[in-house]
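Numbers here simply count residues along the sequence, with the first being 1.
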Amino acid sequence: MNKTILVIDDDELMLAFYRSVLAEFGAVKMALSLDEAKRQMDGVDLILLDFYLEDDKELFQEIVPELRKEAPVLLCSGVQDERVSGIGAALGVAGY
C-alpha cells in the first residue's frame, strides 16, 4: 500500500535526497517552508520535519502539535545536539 510522505526542509538538496530515497514507499510531497507545507497536508500519512527551518525558527514548537493532528511527525536533523531529540520528544514527535 502506497503512502504519502510530506518532507519539510528548507534545503533543496536535502529535498532532492529525500525524494530519491522515499519514492519507493509512495508519493513524496516537498515543502521548503511551513506555509508551503500547510498547503500540501491533504492525504499525508507521514511528515518528515527538519529541526532547523531558517525562516520558521520561532514557529517550531507551535507547528509540531498542529502537524501531529494530520500525521505522525519524524524529526530529521543533521544537528548534533542532544537537546534536539529531547525537544522533539517533549512535543510528541514519533521519532528522531
Checklist entry - Which is it for Glu70 and Val44 under the side chain to side chain contact (heavy atoms under 4.5 Å, CB included) test, yes or no, and what are the steps along the way? => result CA-CA 7 Å; Glu70 301 297 327; Val44 171; 5.7 Å; no
Next on the checklist: Walk me through whether Leu48 and Leu6 qualify under side chain to side chain contact (heavy atoms under 4.5 Å, CB included).
Outcome noted: CA-CA 6 Å; Leu48 298 183; Leu6 173 60; over 6 Å; no
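Atom CG of residue Asp50 and atom CG of residue Asp10 lie 5.5 Å apart, to the nearest 0.5 angstrom. Here the OG-CG distance, from Ser33 to Asp9, works out to 11.5 Å after rounding to the nearest 0.5 Å. Interatomic distance, CG of Leu34 versus CD of Glu66, reported as 9.0 Å (0.5 Å rounding). Separation of atoms CD1 (Ile8) and NZ (Lys38) is listed at 10.0 Å; rounding is to 0.5 Å.
Checking each of Val7, Ile5, Leu67 against Ile47 for a side-chain contact (heavy atoms from CB on, under 4.5 Å) leaves exactly one that passes, namely Leu67.
Side-chain contact between Leu15 and Leu32 is present, with at least one heavy-atom pair separated by less than 4.5 Å.
Residues Leu46 and Pro72 share a closest heavy-atom pair of CD1-O, 3.5 Å.
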Distance-only donor-acceptor hits, side chain of residues 22-29, under 3.5 Å, sequence neighbours excluded:
from	atom 1	to	atom 2	distance (Å)
Lys29	NZ	Gln40	O	3.0
Lys29	NZ	Asp42	O	2.8

